[in-house]
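Okay, so here's the structure we're looking at.
Just so we're on the same page: letters track the sequence lines, and every chain starts at 1. Hydrogens, waters and symmetry mates play no part in the numbers below; they use all other heavy atoms, side chains included. Just so we're clear, the structure is a prediction, and the values are computed from it rather than from any experiment.
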Protein chains: 2
Amino acid sequence: MKFDRMNSAGYLVNNMARLLVEVLRKRIAPLGIVPGQFPALLALWEKDGLTQKELLAMLDVEQATLANTLTRMERDGLIIRKEHPADARARTIHLTEEGHSIRDAAYQTATRINEEVLDDLSDEETQAFLGYMRRVIGKIKEVES
Amino acid sequence: MKFDRMNSAGYLVNNMARLLVEVLRKRIAPLGIVPGQFPALLALWEKDGLTQKELLAMLDVEQATLANTLTRMERDGLIIRKEHPADARARTIHLTEEGHSIRDAAYQTATRINEEVLDDLSDEETQAFLGYMRRVIGKIKEVES
DNA sequence: TATCATTGCATAGCAAACTATGTAATAATA
DNA sequence: TATTATTACATAGTTTGCTATGCAATGATA
């Protein structure tokens, strides 16, 4: 019984993800952000002043992961948290000027990386690849439940 | 400027990897192992008594990551490290009976997960998908250098 | 209204990845 | 041979993911 990594979807997916996140890490380091902050920033660039719960609904991470990420973002001067006007349990999350200012550069960096790593695939292949990933993601979400 | 996650290779890859590793974590928990130990176990099941350096050459992680993983595996009773007969800096890594005994179940679990998550893809689509991943991995390794 | 359940968020603890650096031991060389 | 370089591995520190749990505030209900 052999287990060939190059024919294991799980192995390839994991390997690809780790390589990609390290490329992103290097490229966005000059902006003063790290990969884990990216999804939260994307959401906040679209809509500012959300509560953690509202932000969480836009992302695919667990609540505790987001809470910790937000704490680091606040430490790094990307956001501030203000008390919620109507609910003392909640806080609203606001981009700082710093957090706002890196938006375009961050978008461009992420878009550029996607283009570069897919450069060897034709447009049809790229669409097929993205489609497969969406289907597999859907399947995993079925399977795990 | 919008950033659509479902059309971002980076986002999809990361999401898919996290979902997959959690499925693997749940399924192999009864065996007393965790996902990060899997690659090292696969290599040791093929060839036992390697040095860390030799094992490292068979894997795709950094040396420090492997050293820590091996420490946890030793703690968990999966391996023991013995002093190298000829080089006092090195240690040879040996599966325990426990580490050896879970081999078939672990293989089957991993194979099963791969089959399940790819179940919605035809054989041709699966081969295309694996091929795209191999090509993208190759491209990332070019890009990052 | 007093109690109980739920909600929003934070914290603790672990895994697993990374880079950077430390520490011996071994090998190479001046 | 004494010094220097290299090698093998370990450790420190950070990020980012997870689950489990705690705590205070809010909402529901007896």
Side-chain angles (χ1 to χ4, degrees), chain A residues 13-29 32-41 50-57 59-76 78-79 81-93 144, chain B residues 10-11 13-29 32-41 50-57 59-76 78-79 81-93 144:
Chain A
V13 166
N14 184 266
N15 194 204
M16 186 168 52
R18 279 165 37 221
L19 289 168
L20 257 180
V21 85
E22 291 309 319
V23 170
L24 182 62
R25 189 184 305 281
K26 273 165 203 153
R27 301 272 187 101
I28 61 178
I33 59 175
V34 286
Q37 298 169 348
F38 219 99
L41 285 169
L50 299 168
T51 64
Q52 185 186 114
K53 184 192 168 139
E54 290 165 340
L55 184 54
L56 185 65
L59 307 181
D60 292 306
V61 293
E62 295 303 316
Q63 178 268 323
T65 300
L66 178 56
N68 282 324
T69 297
L70 291 173
T71 298
R72 286 190 292 267
M73 290 172 76
E74 193 161 30
R75 178 203 63 190
D76 296 348
L78 297 166
I79 58 164
R81 292 190 269 202
K82 298 182 185 169
E83 56 183 37
H84 192 282
D87 187 340
R89 292 169 303 181
R91 296 202 271 168
T92 55
I93 299 157
E144 70 176 341
Chain B
Y11 184 83
V13 166
N14 184 266
N15 194 202
M16 188 168 50
R18 279 164 37 221
L19 289 168
L20 257 181
V21 84
E22 292 309 319
V23 171
L24 182 62
R25 188 184 306 281
K26 272 165 203 151
R27 300 272 188 102
I28 61 179
I33 60 175
V34 286
Q37 299 169 348
F38 219 98
L41 285 170
L50 299 168
T51 65
Q52 186 186 112
K53 184 192 168 140
E54 290 166 337
L55 184 54
L56 185 65
L59 307 181
D60 293 306
V61 295
E62 295 302 317
Q63 177 268 324
T65 301
L66 178 56
N68 282 323
T69 297
L70 291 173
T71 298
R72 285 189 293 267
M73 289 172 76
E74 194 161 28
R75 178 203 63 192
D76 295 348
L78 298 167
I79 58 165
R81 291 190 270 202
K82 298 182 184 167
E83 56 183 36
H84 192 281
D87 187 338
R89 293 169 302 180
R91 295 201 272 168
T92 55
I93 300 158
E144 71 177 340

* Less than 4.5 Å apart, any side-chain heavy atom of A:Asn14 and any of B:Leu20? -> no
* Asked: In whole angstroms, how far is the C1' atom of D:dT15 from the CD atom of A:Glu62?
  -> 17 Å
* Asked: When rounded to the nearest 0.5 angstrom, what distance separates CD1 in B:Ile79 from CG in B:Leu50?
  -> 11.0 Å
* To do: Check each of A:Thr51, A:Thr92, A:Ile93 against A:Arg81 using the side-chain contact (heavy atoms from CB on, under 4.5 Å) test, and report the only one that passes.
  => A:Ile93
* Asked: Listed in order of residue number, which residues of residues 65-74 of chain A have a non-hydrogen atom at under 4.0 Å from DNA chain C?
  -> A:Ala67, A:Asn68
* Quick one: B:Arg18 CZ to D:dT15 C1', roughly how many Å, whole number? -> 13 Å
* Whole-Å distance between D:dG17 P and B:Lys26 NZ? -> 16 Å
* Presence of B:Arg81 side-chain N/O under 4.0 Å of D:dA10 phosphate oxygens OP1/OP2 -> yes
* To do: Provide the closest heavy-atom pair for A:Gln37 versus A:Gly32 in the form atom of the first, atom of the second, distance.
  => OE1-O, 4.4 Å
* To do: Write down the distance between CD1 (B:Ile93) and C1' (D:dA10), rounded to a whole number of angstrom.
  => 13 Å
When you compare the protein's N or O atoms with those of nucleotides 24-27 of chain D, which come within less than 3.5 Å of each other, and at what distance?
{"from": "D:dT26", "atom 1": "OP1", "to": "A:Ala88", "atom 2": "N", "distance (Å)": "2.9"}

* Sugar-phosphate, base or nothing in reach of B:Gln63, heavy atoms under 4.0 Å -> base
* Would A:Arg89 and A:His84 satisfy side-chain contact (heavy atoms from CB on, under 4.5 Å), going step by step from the backbone distance to the final call? -> CA-CA 8 Å; A:Arg89 292 169 303 181; A:His84 192 282; over 6 Å; no
* Asked: DNA chain D: B:Glu22 or A:Asp76, which has the more 5' nearest nucleotide?
  -> A:Asp76
* **B:Leu24 to B:Pro35 - nearest heavy-atom pair and separation** => CD2-CB, 4.0 Å
* Take A:Asn15 and A:Leu19 through the side-chain contact (heavy atoms from CB on, under 4.5 Å) test and state the conclusion after the steps. => CA-CA 6 Å; A:Asn15 194 204; A:Leu19 289 168; 4.0 Å; yes
* Asked: Please give, in whole Å, the distance from D:dA10 C1' to B:Arg75 CZ?
  -> 16 Å
* To do: Answer yes or no: are there more than 12 heavy-atom neighbours, outside B:Glu54 itself, under 6.0 Å from its atom CD?
  => yes
* CZ of B:Arg72 to CG of B:Asn68: how many Å apart, nearest 0.5 Å? -> 5.5 Å
* Whole Å only: how far is the CD atom of B:Glu54 from the P atom of D:dT7? -> 15 Å
* Structure fact -> When rounded to whole Å, the CG to C1' distance for the pair A:Asn14 and D:dG17 reads 12 Å
* Asked: Can you pull the contact range of chain A along DNA chain C, 5' to 3', using atoms under 4.0 angstrom from its heavy atoms?
  -> C:dT7 to C:dC18
* Asked: Rounded to the Å, how far apart are B:Arg25 CZ and D:dG17 P?
  -> 13 Å
* **Nearest heavy atoms of B:Leu66 and B:Ala40, plus distance in Å** => CD1-CB, 4.5 Å
* To do: Measure across A:Val61 and A:Leu56 and return the closest heavy-atom pair with its distance rounded to 0.1 Å.
  => O-CD1, 3.3 Å
